[in-house]
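Quick note: numbers below take in every heavy atom, side chains included, and nothing from hydrogens, waters or symmetry partners.
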Amino acid sequence: MSRSAQNQGFTCEYCGASVAPLSNGSYRNHCPTCLRSKHVDVIPGDRVSACRGMMRPRRVEHRGGKGLLLVHECVECGFIRCNRVAEDPVQGDDIDAIITLMSEIR
């Protein structure tokens with residue numbers, strides 16, 4: 001599947017938010033409202049995971065060169081994956097949800 005085919009909008013299966021694709025050249029892989037993702041990849045972009053479980057945000061990390069990352073854990077199989085925070089000023093992730101997540105882990 002081409003990367004442009006992957007950059008499509010979706011409806012979040014957790015909170016029901018309508019999620020538009022990013023227009024800044026990045027790819028949306030989680031809901032900007034509730035920060036949930038879905039376990040669809042084995043290798044980023046391949047869409048071959050049979051699990052299809054919801055992935056909840058566990059924590060926020062900062063890594064040089066990548067910036068802020070959401071660490072997601074699949075609620076079905078325990079798979080862990082890091083996803084970049086979408087910092088787009090119009091379509092970016094809900095900063096209040098990120099701050100709440102950061103305060104919950106302290």
Inset, instruction - Kindly indicate, with the supporting measurements, whether the criterion side chain to side chain contact (heavy atoms under 4.5 Å, CB included) is fulfilled by C82 and K66. - result: CA-CA 10 Å; C82 295; K66 292 196 177 197; over 6 Å; no
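Among all heavy-atom pairs drawn from C74 and H39, the shortest one is SG-ND1, 3.7 Å. For the residue pair T11 and G16, the shortest heavy atom distance occurs at CG2-O, 3.7 Å. What you find for E76 and C51 is that their closest heavy atoms are CB-SG, 3.7 Å.
Distance check: C12 SG to M54 CE gives 5.0 Å after rounding to the nearest 0.5 Å. Of the inter-residue distances, the one linking N29 atom CG with N83 atom CG reads 3.5 Å to the nearest 0.5 angstrom. In this structure, CZ in R52 is found 8.5 Å from CZ in R47, a value given to the nearest 0.5 Å. Atom-to-atom distance recorded for L70:CG and R36:CZ is 11.0 Å, nearest 0.5 angstrom.
L68 and M102 fall within a single hydrophobic cluster, where Ile, Leu, Val, Met, Phe, Trp and Tyr are joined by side-chain heavy atoms under 4.5 Å apart, directly or via other members. Criterion: ILVMFWY side-chain heavy atoms under 4.5 Å apart, direct or through other members. Under it, V48 and I43 are part of a common hydrophobic cluster. By the criterion of side-chain heavy atoms lying less than 4.5 angstrom apart, applied directly or through intervening Ile, Leu, Val, Met, Phe, Trp or Tyr residues, L35 is not grouped with V19; the two fall into different hydrophobic clusters. Placement of L101 and V85 within a single hydrophobic cluster is found when ILVMFWY residues are connected by side-chain heavy-atom separations under 4.5 Å, directly or transitively.
In this structure, D94 contributes its side chain and P32 its backbone to no donor-acceptor pair below 3.5 Å. Formation of a donor-acceptor pair under 3.5 Å by the R81 side chain with backbone atoms of V42 is found in this model.
Within 6.0 Å of atom OH in Y14, 12 or fewer heavy atoms from other residues, nucleotides or ligands are found, so the atom counts as exposed in its surroundings.
Relative ring orientation between H72 and H30 is described as tilted, the plane-to-plane angle lying within the 30° to 60° band.
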